[in-house]
Number of protein chains: 2
Amino acid sequence: MEDSSRYDLPDSPRSVGWTAAEHCVVADAASPFLTESGAVLPYVEVEYETYGTPAADGNNCVLVCHALSGDAHAAGWDAHWERDNRPWRKDRPGWWDNVIGPGKGIDTNRWFVICSNVLGGCYGTTGPASVNPETGRPYGLEFPVVTVGDWVRIQKRLLEKLGITHLYAVIGGSLGGQQTLEWALAYPDFMDKAVILASADKLSPQGLAFNTVGRHSIMSDPHFCGGDYYGKEKPDKGLAMARMLANITYLSEESFHDKFGREFQYTENPAYNFQIEYKVESYLNHQGLSFVHRFDANSYLYITKAMDYYDAAAQWGGGNPAEALRRIKAELLLVSFKTDWLYTPEQSLEIAKVAAGLGRPVNYVLVNSRKGHDGFLLETEAVSRILGAFLNREAADEPASE
Amino acid sequence: MEDSSRYDLPDSPRSVGWTAAEHCVVADAASPFLTESGAVLPYVEVEYETYGTPAADGNNCVLVCHALSGDAHAAGWDAHWERDNRPWRKDRPGWWDNVIGPGKGIDTNRWFVICSNVLGGCYGTTGPASVNPETGRPYGLEFPVVTVGDWVRIQKRLLEKLGITHLYAVIGGSLGGQQTLEWALAYPDFMDKAVILASADKLSPQGLAFNTVGRHSIMSDPHFCGGDYYGKEKPDKGLAMARMLANITYLSEESFHDKFGREFQYTENPAYNFQIEYKVESYLNHQGLSFVHRFDANSYLYITKAMDYYDAAAQWGGGNPAEALRRIKAELLLVSFKTDWLYTPEQSLEIAKVAAGLGRPVNYVLVNSRKGHDGFLLETEAVSRILGAFLNREAADEPASE
């Protein structure tokens, strides 16, 4: 539904241009990765992209964390979409292309930006579709359940491999915002700033409900076969349904009105059958169908489960948010979107209040958007302006980071 | 999750006692039923129940309309649950038992109450599981798509057969509220009062979205077989998922917190697998599993489609709500529930405002409930009190109905 013409083309001075993903081995026989769940991963490879140029003093690094269905390709145009069989990248740039680039909110003339695909994902980082070295076959559900904490520790390993010892900022929206919060809690000295957009310290019970129905849909698909479907027919119907459902939570009541209303897609009169009829049905159906071409159903299970489990206060404060947030040293910016009902403005504001109560430097911005949770991806003008102001302001006071 | 001990047992003076459904043929070869979609149904039988005693002058009749998964068994204890193979009725009375009965909101000492199962349903009224007289086999998807208007016209035929020429009131919640509104629009002289609870003149685009994902789930089930699954394995998984999903919309963010929070069902610590783990997952799973034993997937398709199509302003006012509501002569009572996000308080209030602007007698009550859309079924004390006051008040001014 988005207008692709508003993207900067690869040769635009505002685009980071053509990008090529890189890969880094962060766990191997000499240094396996122990997951929070207690499993050992003998080999982990991470796909990542970078934009901009690292400063000589290394003080300009910004880590961007992606959300549920995102990937390392946050900006620019994938030069290898054809070689890597990722045709959906042909006609559109990275998922935050309007926010990351020369002169944009995360200004690549100034910042060196890193974005990596999460552990358990399906975009180049080791996950359930990867070959299990112990069996020679894809992991499937033998892949260990991973957590937001695991993702952050894997990202930390990646940064170490890249020789990055300090981040100017960590930034992320939605599930990426939870990674950002986890970064600030787990490695409080590692960054100056943390920007959490459209996120919360934990998912609401209603959010748990949506995720469980989505997983149920995938696991009920007769082609799921206990997750062992690689090389065979995939549980596409189950995954498409999970995506359709999740998409409802990304929009808002208002954006449903704005985008579709109760209009029919094809005719003016009711068809009196069970085919797709309303515009909103057509939209959701398209979202489901296109998703299965670019996402692995098992990764959907793993990533939503990590989303379910994340609870910053439980993990770091024995259930007490203030005890947890006390750890944070980074200056916080919380950005929420007025009609977001998946991670509500109230949840962001609560984090801001608790942090402020602890005397921590914290900023809170409410974007007056009708676009629901997807606001962090769609309200790029506002997000760019807010990020630009926050990243540039403090830096100006700190000669060290110039 | 509800406490069954709060039900009045069959021999309680506040219970309507044991009930026995009745059946009435409302369409046959001599008077077939023409649906709004243009199809002809050569035979329609309606299952209904009645409570209380008709007054000699016939002026005490109240029609109660059920919601999506409801039935004609609105109150009391089904005497024939075993014979009719409806075991889910063994341990609980009708769906509005706390509202309908001697001394309750709809006081059966005073009112003669009728409730019938909708056309296309699966509780004794002709529907997709019924035998198509033209083929000798169950209709399946050959059953015509039906509408709220069809339901009301079928109910009208039923009342005619029963010799009822006037209703004191029509009452319904959710989809039953839309039937009530349709009654007031289609037959404005037929009733004195109309009570519309937790409903609206049309479903929101977000509501359309939830319904389409639910239907998609059923129709994607490999056992669906184009609706021709009778006598074979049923599309239980698809129907269970549709129900799980719909259940989310019946609760509220608040009631998810109140009922489940983020608590685990069995253990204190994460299991790190994809089994049911959170209380909310267990609840939804149970809702899905128990639903498939008592509901027909095809009926779910037909009833949600009727829900999608209903648009009072389009049907009766060329798209203009005031033009439509101008038809109404009954005194209206709109009852909404503060945390209902399926049919929002704003939607009910809008009907009330437009009707009031037309000089129509209209009452609006907002129940300060945390229980979401299900408030009309669960807030029985408030609902009973509100209905009792509304039904009894006016009647006291009208000697004719005594």
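What you see is a predicted model; the values in this text were computed from it and never measured. All chains are named by letter (A, B, ...) in the order of the sequence lines, taking the proteins before the strands, and each is independently numbered beginning at 1.
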Portion of [X] that has a non-hydrogen atom of chain B nearer than 4.5 angstrom:
X      : result
A:V213 : both
A:S255 : neither
A:I276 : neither
A:F274 : both
A:P222 : side chain
A:E263 : neither
A:L284 : side chain

Parallel, tilted or perpendicular: rings of A:F264 and B:Y309 (30°, 60°):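 It falls in the perpendicular class, over 60°.
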Aromatic plane relationship, B:W341 with A:W341 - under 30° parallel, 30 to 60° tilted, over 60° perpendicular: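 The rings of A:W341 and B:W341 sit tilted, inter-plane angle from 30° to 60°.
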Which heavy atom of [X] sits nearest a heavy atom of [Y], and at what distance?
X      : Y      : result
A:N285 : B:H216 : OD1-CE1, 3.3 Å
A:E253 : B:S204 : OE2-CB, 3.2 Å
A:P205 : B:H257 : CD-CE1, 3.4 Å
B:V280 : A:A209 : CG2-CB, 3.9 Å
B:R262 : A:Y310 : NH2-O, 3.5 Å

Option that, when pairs with chain B are counted at under 4.5 Å, heavy atom only, ranks first among A:K237, A:M241, A:M244: A:M241
Which of A:D221, A:L203, A:L251, A:D311 touches chain B most, by non-hydrogen pairs under 4.5 Å: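 Most heavy-atom pairs within the cutoff with chain B belong to A:L203.
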Heavy atoms, side chains only, cut-off 4.5 Å: are [X] and [Y] in contact?
X      : Y      : value
B:T35  : A:Y272 : no
A:E281 : B:L208 : no
A:I248 : B:F210 : yes

Heavy-atom donor-acceptor pair, A:Y278 side chain to B:T212 backbone, under 3.5 Å: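 No, because the side chain of A:Y278 does not come within donor-acceptor range (under 3.5 Å) of the backbone of B:T212.
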Partner chain A: residue of B:S217, B:G227, B:A240 with the largest heavy-atom pair count (under 4.5 Å):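 Looking at each option in turn, the highest pair count goes to B:S217.
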Enclosure of B:H286 NE2 (heavy-atom neighbours >12, cutoff 6.0 Å):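 Atom NE2 in B:H286 is not crowded, with 12 or fewer foreign heavy atoms closer than 6.0 Å.
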A:N269 CG to B:S37 OG distance, which is reported to the nearest 0.5 Å: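 If I round to the nearest 0.5 Å, the distance is 13.0 Å.
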